[in-house]
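Being a predicted model, the structure only gives us computed values, none of them experimental.
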Amino acid sequence: MITKGSLFSAAQFQEEGYSGPVQGLTLEEADNYYRLFFDTLGQSRFEPGPARISLSAWHHRHRWAYELATHPSIVGAMRQILGEDLVLWAMQFWYKEPNNDKFIPWHQDINYWPMEPAINASAWVSLGWSIRENGCLRVIPGTHRSVVEHISTGDAQSMFSEGLPGELVDESQAIDLEMSPGQMAFFNEAIFHGSEINSSNIPRVAFSVRYTTPEVRFLMDEWGGDTSRIRTFLVHGEDTLKRNESIRGVVPEE
């Protein structure tokens with residue numbers, strides 16, 4: 001096991017496929033969004049339990065979630081990674097209530113995403129404490145240079161039905177991206193990453209946002225499952241290509 005903390009570095013992102021953690025939200029902001037998360041779940045943050053609603057695409061329905069997805073710290077880093085023309089296309093909360101026995105297998109995101117060309121940068125943001133004991137994000141640096149075909153996990157505890165073949169994953173090189181409230185890390189669409197179960201009494205409350213550029217076309221006919229969660233929002237710069245007009249999102253008013 002390796003633990004590591006760093007500041008955001010575009011050079012590290014290009015070389016190793018990720019960068020961070022770095023403090024992106026203030027402690028006050030993190031605490032406020034942590035409260036709003038549990039309010040939206042309909043739970044007390046002091047008595048966290050399993051989520052009973054979808055944790056995907058809250059930025060379509062809640063103004064606070066859209067503002068969180070487009071926080072200046074996220075947009076500023078994305079401009080360094082992707083350039084001035086930025087498209088937000090997905091948001092997902094990654095919540096593990098205390099003693100949640102589900103894990104996310106080692107995988108590459110691009111395996112699940114029909115987009116052409118394959119350009120993406122993700123921000124993964126912790127609103128509370130994200131530590132090894134409650135299933136923090138894990139990455140394997142330098143694994144982003146090629147795309148590997150995924151196979152069935154065959155494990156009922158896995159949150160994903162498919163993941164990377166075990167023989168291709170060298171866990172001795174894994175980095176545990178432990179984060180305090182408001183910290184964030186960035187990674188690309190092909191780095192090996194995953195997380196383990198929450199074996200603690202501490203809820204893990206985090207979210208990811210996905211950014212790309214206007215040149216990318218989303219191949220919606222090849223996208224399985226619920227496609228309503230895929231919407232594009234021009235967050236910075238211009239979109240002169242208009243390749244995804246049919247899935248353009250609307251910023252929520254409230």
Report the distance from atom OG of Ser122 to atom CG of Asn188, rounding to the nearest 0.5 Å. 8.5 Å
dist Asp109:CG -> Met115:CE (nearest 0.5 Å) comes out at 10.0 Å
Do [X] and [Y] have side chains that approach each other closer than 4.5 Å (heavy atoms only, starting at C-beta)?
{"X": "Trp89", "Y": "Trp113", "result": "yes"}
{"X": "Met91", "Y": "Phe207", "result": "yes"}
{"X": "Lys96", "Y": "Ser195", "result": "yes"}
{"X": "Arg79", "Y": "Tyr211", "result": "no"}
{"X": "Val87", "Y": "Thr213", "result": "no"}
{"X": "Ser180", "Y": "Ser126", "result": "no"}
{"X": "Val75", "Y": "Leu86", "result": "yes"}
{"X": "His107", "Y": "Glu162", "result": "no"}

Check whether the side chains of [X] and [Y] place a donor and an acceptor atom closer than 3.5 Å, and report yes or no.
{"X": "Asn32", "Y": "Trp64", "value": "no"}
{"X": "Asn99", "Y": "Asn201", "value": "yes"}
{"X": "Thr153", "Y": "Asp155", "value": "no"}
{"X": "His71", "Y": "Glu29", "value": "yes"}
{"X": "Ser200", "Y": "Glu133", "value": "no"}
{"X": "Ser208", "Y": "Trp94", "value": "yes"}

Going only through I, L, V, M, F, W and Y residues with side-chain contacts under 4.5 Å, is there a path from [X] to [Y]?
{"X": "Tyr95", "Y": "Leu25", "value": "yes"}
{"X": "Met184", "Y": "Val209", "value": "yes"}
{"X": "Val147", "Y": "Phe218", "value": "yes"}
{"X": "Met220", "Y": "Phe233", "value": "yes"}
{"X": "Ile140", "Y": "Ile191", "value": "no"}

Donor-acceptor contact below 3.5 Å, side chain [X] vs main chain [Y]:
{"X": "Lys102", "Y": "Ala156", "answer": "yes"}
{"X": "Glu189", "Y": "Ile110", "answer": "no"}
{"X": "Gln43", "Y": "Pro50", "answer": "yes"}
{"X": "Ser19", "Y": "Ser9", "answer": "yes"}
{"X": "Asp31", "Y": "Tyr34", "answer": "no"}

Side chains of residues 246-254: which donor-acceptor partners sit under 3.5 Å, not counting sequence neighbours?
residue, atom, partner, partner atom, Å
Arg248, NH2, Glu245, OE1, 2.1
Arg248, NH2, Glu245, OE2, 3.2

[X], [atom1]: over 12 other non-hydrogen atoms inside 6.0 angstrom:
{"X": "Glu238", "atom1": "CD", "result": "no"}
{"X": "Glu116", "atom1": "CD", "result": "no"}
{"X": "Asp221", "atom1": "CG", "result": "no"}

Once side-chain hydrogen bond (donor to acceptor under 3.5 Å, both in side chains) is applied, do any residues pair with Ser56, and if so which ones, sequence neighbours excluded? Gln92
Restricting to side-chain hydrogen bond (donor to acceptor under 3.5 Å, both in side chains), what partner residues turn up for Arg243, sequence neighbours left out? none
Could you go step by step and tell me if Trp58 and Ile53 meet the side-chain contact (heavy atoms from CB on, under 4.5 Å) rule? CA-CA 11 Å; Trp58 284 13; Ile53 60 175; 3.9 Å; yes
SB check [X] [Y] (cutoff 4.0 Å):
{"X": "Glu178", "Y": "Arg132", "answer": "no"}
{"X": "Glu97", "Y": "Arg204", "answer": "no"}
{"X": "Asp39", "Y": "Arg45", "answer": "no"}

Minimum heavy-atom distance [X]-[Y], with the two atoms named:
{"X": "Gly237", "Y": "Asp85", "answer": "CA-OD1, 3.4 Å"}
{"X": "Asn111", "Y": "Val148", "answer": "OD1-O, 4.4 Å"}
{"X": "Ala123", "Y": "Met78", "answer": "N-CE, 3.6 Å"}
{"X": "Ala121", "Y": "Ile81", "answer": "CB-CG2, 3.9 Å"}
{"X": "Gln23", "Y": "Gln183", "answer": "OE1-CG, 3.2 Å"}
{"X": "Asp170", "Y": "Ser172", "answer": "OD1-OG, 2.5 Å"}

Who pairs with Glu28 by side chain to side chain contact (heavy atoms under 4.5 Å, CB included), at least two apart in sequence or on another chain? Thr26
Are the aromatic rings of Phe38 and Phe46 close, with centres under 6.0 Å apart? no
Would you say the ring centers of Phe186 and Tyr18 fall short of 6.0 Å from each other? no
Quick one: ring-ring contact (aromatic ring centres under 6.0 Å, His included) partners of Phe103, sequence neighbours excluded? none
Could you go step by step and tell me if Ile131 and Ile202 meet the side-chain contact (heavy atoms from CB on, under 4.5 Å) rule? CA-CA 9 Å; Ile131 56 179; Ile202 303 170; 4.1 Å; yes
Audit row: Glu16, Arg145, salt bridge (charged side-chain N to carboxylate O under 4.0 Å, His left out) steps and yes/no: CA-CA 9 Å; Glu16 299 187 356; Arg145 296 186 179 89; over 6 Å; no
His193 and Phe187 aromatic ring geometry - parallel, tilted or perpendicular at 30°/60° bounds: tilted
Where at least one partner belongs to residues 126-155, residue pairs that pass ring-ring contact (aromatic ring centres under 6.0 Å, His included), sequence neighbours excluded: Tyr112-His150
Please walk me through it: do Ile175 and Arg138 pass side-chain contact (heavy atoms from CB on, under 4.5 Å)? CA-CA 6 Å; Ile175 292 176; Arg138 310 183 78 203; over 6 Å; no
Given the rule in the side-chain contact (heavy atoms from CB on, under 4.5 Å) test, do Thr232 and Leu88 qualify, once you have shown the distances and angles that lead to the verdict? CA-CA 6 Å; Thr232 58; Leu88 164 68; over 6 Å; no
